[in-house]
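Every chain is numbered from 1 and lettered A, B, ... according to where its sequence line falls, protein lines coming before strand lines.
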Amino acid sequence: MRLPHPDIAGGSAELVDRHAAAIGALDQTLGHDGRAAVAPPGLAVNHFPLQGAGERSGAKNQRKQQSGRPCAHLPQANTACYKPSTMSSAASRPVRVRVAPSPTGDPHVGTGYIALFNYAFAHNMGGKFILRIEDTDQARYRADSEAAIMQALRWLGVEWDEGPDVGGDYGPYHQSKRTEIYRKHCNMLIESGKAYRCFCSAERLTELRETARAEKRNPKYDGHCKSIDAAQAAKRVEGGEDFVVRMIVPQEGSVVFQDRLRGQVEISVDQLDDQVLLKSDGFPTYHLANVVDDHLMEITHVIRAEEWVSSTPKHVLLYEAFGWQAPEWIHMPLLRNTDKSKISKRKNPVSINYYRDIGILPDALRNFLGIMGYSLGDDKEIFDLKEMVETFNFERVSLGGPVFDQDKLRWMNEQYIHKLSHEDLVDALIEWRYGREHLRKVAPLIRERIKTLSDFASATEFMFSGDVEYTAFADKLKIPEVSNKDLKKGLLELLEDYDQLDGYSAEDLEATSRAFCEKKGWKAKHLFMLLRVGSTGRMASPPLFETMTVVGKEITRRRLRELADFIGKMK
RNA sequence: GACCCCAUCGUCUAGUUGGCCUAGGACACUGGCCUUUCACGCCGGCGACACGGGUUCGAAUCCCGUUGGGGUCGCCA
């Protein structure tokens with residue numbers, strides 16, 4: 001399923017009144033000349049009064065915040081210091097934060113991590129925690145993803161006060177239902193000379209990027225369409241030409257903003273591109289949607305991952321262009337793989353459901369995420385959500401990127417298991433994989449394969465375990481005429497194909513696998529044996545694809561990936 | 001490559017107003033105790049302030065530089 005095109009998607013009819021009001025109010029904020037009514041540049045460094053008490057007091061940050069020359073080198077007042085306007089009213093603004101996942105795949109531990117910190121802060125401040133679905137990417141949209149993300153977040157114990165399913169006064173909470181809002185705001189920027197339509201083809205842009213890279217320049221849009229006058233642009237639009245809307249980034253100066261954890265960050269505008277705000281399919285990009293929604297939803301603090309630091313200037317510029325008060329920026333460190341790179345599914349299981357499926361207790365995962373880049377200050381590592389909320393303080397965040405250490409997670413889970421009463425342990429087991437629901441899926445697959453009930457355990461052992469071993473089958477793990485290297489690569493590609501699926505049915509898996517064989521010229525029976533050994537650790541199993549669904553998507557994925565690595569390492 | 005961020009044991013971290021730090025805790029690893037076994041538990045061990053300059057009576061803590069790691073540079077978020 002794809003998202004409906006905005007033209008036919010929920011437009012203004014679905015907008016609640018307050019948005020109309022907000023847009024109306026915005027019209028007034030913009031002066032006749034379209035200039036944003038913002039505080040003049042060059043003010044003293046701003047702080048949210050809110051953060052005063054809890055202000056990070058690290059000397060380094062203090063230095064940065066106090067450095068009195070944020071705009072010193074900047075030439076013109078009008079291009080100079082894009083510093084967030086002073087928030088005189090922020091003190092009284094109730095805290096509202098959000099997590100804004102994109103439904104393009106499995107519920108990511110990083111989403112859980114950021115959600116947890118948003119939740120902890122919101123509750124500590126007596127504020128609200130909002131869930132917003134950023135479903136503006138039609139190409140990567142996956143129908144089953146959104147529900148999975150919500151389920152996973154709830155499973156973790158991170159509950160939202162406003163969101164798509166629970167409602168709230170600031171909806172709709174799906175960006176796909178807010179396209180009319182973005183379109184309007186985009187037009188405002190065009191009218192006020194802050195944005196323009198661009199008709200360049202994807203090919204031209206790619207070429208631009210490539211030549212820039214070849215010449216070792218920073219890839220940047222060359223402003224080709226910037227000078228097209230309004231009348232002509234309108235004409236081309238009417239003529240049915242595809243276009244995007246780009247924001248106009250000032251030619252000189254730099255953008256300065258305060259990050260709660262890092263102090264002052266300054267980035268020169270020549271690092272910035274004329275960012276696309278509205279895509280040719282009519283959907284907004286993250287940058288536009290995020291700013292517009294955060295403003296309309298009255299978000300006070302943007303707590304997100306560090307990867308966003310370098311695009312924050314674009315957002316600051318947008319707030320300025322609209323004449324809005326920007327939220328406070330708080331960029332959390334990135335979760336890491338063992339090699340310190342940003343956590344990724346290629347190197348680490350990243351789906352929350354994987355951890356659920358191998359039998360990690362939700363509280364343990366939550367607690368574990370809570371010690372990533374964070375501590376209570378004493379030597380206490382085991383703490384519940386309530387305790388984290390009550391004592392939460394951004395000063396306790398450390399910025400070195402924390403490695404997601406499976407060993408420590410398991411240890412922590414052990415602590416939680418030990419704390420369970422016998423009865424609760426039984427319940428946990430039943431809820432995990434020893435309940436009727438799961439057994440009902442298992443039974444049909446093994447009934448023909450057991451002579452006594454006591455055969456059940458050995459017949460299904462791989463359905464109740466995490467990783468499996470492949471060493472015993474080392475000499476069987478091959479496909480004629482295919483090198484180990486290509487085999488590994490192929491397996492990984494297949495995994496990608498599985499990931500593109502909406503859902504995880506045996507039929508889809510089989511169809512995908514067969515199509516893959518076709519493409520590769522591999523014999524199905526060869527590939528299927530590999531998949532069998534990979535997903536079960538055996539050469540004999542119940543029907544392969546049914547088995548894979550019962551073993552579960554996450555564990556199967558992990559096992560197949562391990563298999564691929566194993567094969568890659570063979571002689 | 002350009003820009004930005006970061007820097008205490010292999011890993012998560014305490015240390016944040018510089019002295020109480022011959023750097024504390026946890027995971028992992030490891031020796032022992034307990035025990036019919038295994039596990040748990042308990043006691044012990046290994047193990048870090050990246051480097052170089054400053055500032056200071058005194059620096060893991062402040063400043064500068066170097067090095068290292070990471071992130072970003074998309075009509076993805």
Phe129(A) and Tyr119(A) aromatic ring geometry - parallel, tilted or perpendicular at 30°/60° bounds: perpendicular
Separation of the C1' atoms in rU66(B) and rG45(B), to the nearest angstrom: 36 Å
Salt-bridge criterion met for Lys184(A) and Glu180(A) (N-O under 4.0 Å): no
Nucleotide paired to rC27(B) in any strand shown, Watson-Crick or G-U, under 3.5 Å: rG10(B)
Those residues that, when tested against Tyr182(A), pass ring-ring contact (aromatic ring centres under 6.0 Å, His included) (two or more places apart): none
Aromatic plane relationship, Phe392(A) with Tyr374(A) - under 30° parallel, 30 to 60° tilted, over 60° perpendicular: parallel
Presence of donor-acceptor pair under 3.5 Å, side chain of Lys408(A) and base of rA28(B): no
Distance between C1' atoms of rU30(B) and rC9(B) (Å, rounded): 15 Å
Sugar-phosphate only, base, or nothing, as touched by Val244(A) at under 4.0 Å among non-hydrogen atoms: base
Watson-Crick or G-U wobble partner of rG1(B), both distances under 3.5 Å: rC73(B)
By salt bridge (charged side-chain N to carboxylate O under 4.0 Å, His left out) - contacts of Lys380(A) (at least two apart): Glu387(A)
Rounded distance in Å - CG (Leu409(A)) to C1' (rA28(B)): 14 Å
Distance between C1' atoms of rC34(B) and rG47(B) (Å, rounded): 27 Å
Inter-nucleotide P distance (rA39(B), rC20(B)), Å rounded: 41 Å
Parallel, tilted or perpendicular, as decided by the 30° and 60° cut-offs, for the rings of Trp329(A) and Phe257(A): perpendicular
Pairwise P distance, rG69(B) and rC64(B) [rounded to whole Å]: 22 Å
Touch class at under 4.0 angstrom, heavy-atom based, for Arg209(A) against every strand present: sugar-phosphate
Under 4.0 Å protein heavy-atom contact, by nucleotide of nucleotides 42-52 of chain B - B base, S sugar-phosphate only: -----------
Modelled atom types, side-chain donor and acceptor of Asp137(A) and Tyr141(A), under 3.5 Å: no
rC51(B) pairs with, by Watson-Crick or G-U criteria that keep both distances under 3.5 Å: rG65(B)
Mate of rU16(B) where both pairing distances stay under 3.5 Å, Watson-Crick or G-U: none
Residues which pass salt bridge (charged side-chain N to carboxylate O under 4.0 Å, His left out) with Glu496(A), listed by chain and number, not counting sequence neighbours: Lys345(A), Arg346(A)
Candidate nucleotides rC6(B), rC4(B), rA77(B), ranked by approach to the side chain of Leu399(A) - the nearest: rC6(B)
Below 4.0 Å: OP1/OP2 of rA77(B) and any side-chain N or O of Thr136(A): yes
Spacing of Asp405(A) atom CG relative to rC9(B) atom P, expressed in whole Å: 15 Å
ring-ring contact (aromatic ring centres under 6.0 Å, His included) partners for Phe404(A), two or more places apart: Tyr355(A), Phe368(A)
Sugar-phosphate, base or nothing in reach of Asn218(A), heavy atoms under 4.0 Å: base
Atom-pair distance (CG on Asp270(A); P on rG1(B)), nearest Å: 18 Å
Closest nucleotide among rA77(B), rC27(B), rU11(B) to the Glu134(A) side chain: rA77(B)
Residue met sooner reading RNA chain B from 5', once Ile267(A) and Phe243(A) are mapped to nucleotides: Ile267(A)
Base paired to rC46(B) (Watson-Crick or G-U; both N/O distances under 3.5 angstrom): none
Lys279(A) side-chain proximity, nearest of rU13(B), rA2(B), rA77(B): rA77(B)
ring-ring contact (aromatic ring centres under 6.0 Å, His included) partners of Tyr416(A), counting only residues at least two apart: none
Earlier contact from the 5' end, RNA chain B, for Gln271(A) and Cys200(A): Gln271(A)
Same-atom distance (C1') from rU55(B) to rC43(B), integer angstrom: 45 Å
Whole-angstrom distance between rU13(B) and rU8(B), as gauged at atom C1': 9 Å
Full working for salt bridge (Lys or Arg N to Asp or Glu O under 4.0 Å) between Lys408(A) and Glu414(A): CA-CA 10 Å; Lys408(A) 185 130 186 182; Glu414(A) 180 187 24; over 6 Å; no
Whole-Å distance separating the NZ atom of Lys314(A) from the P atom of rC4(B): 15 Å
Quiz item: Arg396(A) side-chain donor-acceptor pair to rU16(B) base, under 3.5 Å: yes
Sub-4.0 Å heavy-atom contacts from residues 376-388 of chain A onto RNA chain B, ordered by number: Gly377(A), Asp379(A), Glu381(A)
Euclidean distance, atom CZ of residue Arg410(A) to atom C1' of rA26(B) [Å, nearest integer]: 18 Å
Under the ring-ring contact (aromatic ring centres under 6.0 Å, His included) test, residues paired with Phe464(A) that sit two or more places apart: Tyr434(A), His438(A)
Side chain to side chain donor-acceptor pair (under 3.5 Å) partners of Lys569(A), counting only residues at least two apart: none
Sugar-phosphate, base or nothing in reach of Met372(A), heavy atoms under 4.0 Å: sugar-phosphate
Atom-to-atom span, CD of Gln175(A) to P of rC76(B) - whole angstrom: 13 Å
Touch class at under 4.0 angstrom, heavy-atom based, for Pro103(A) against every strand present: nothing
Which residues share a salt bridge (charged side-chain N to carboxylate O under 4.0 Å, His left out) with Arg96(A), sequence neighbours left out: Glu162(A)
Report each atom pair, protein N/O against N/O of nucleotides 68-72 of chain B, whose distance is under 3.5 angstrom.
from	atom 1	to	atom 2	distance (Å)
rG70(B)	O4'	Arg336(A)	NH1	3.4
rG70(B)	O2'	Arg336(A)	NH1	3.4
rG70(B)	O2'	Arg336(A)	NH2	3.3
rG71(B)	OP1	Lys342(A)	N	3.0
rU72(B)	OP1	Lys342(A)	NZ	2.7
rU72(B)	O4'	Ser310(A)	OG	3.2
rU72(B)	O2'	Ser310(A)	OG	3.1

Can you list, pair by pair, the side-chain donor-acceptor contacts under 3.5 Å of residues 102-111 of chain A, counting residues two or more places apart and other chains?
from	atom 1	to	atom 2	distance (Å)
Ser102(A)	OG	Glu134(A)	O	3.3
Asp106(A)	OD1	Lys553(A)	NZ	3.1
Asp106(A)	OD2	Arg557(A)	NH2	2.7
His108(A)	ND1	Gly110(A)	N	2.8

Span that lies between the C1' atom of rA48(B) and that of rA23(B), in whole angstrom: 9 Å
Check: Arg262(A) side chain, rC5(B) base, donor-acceptor under 3.5 Å: no
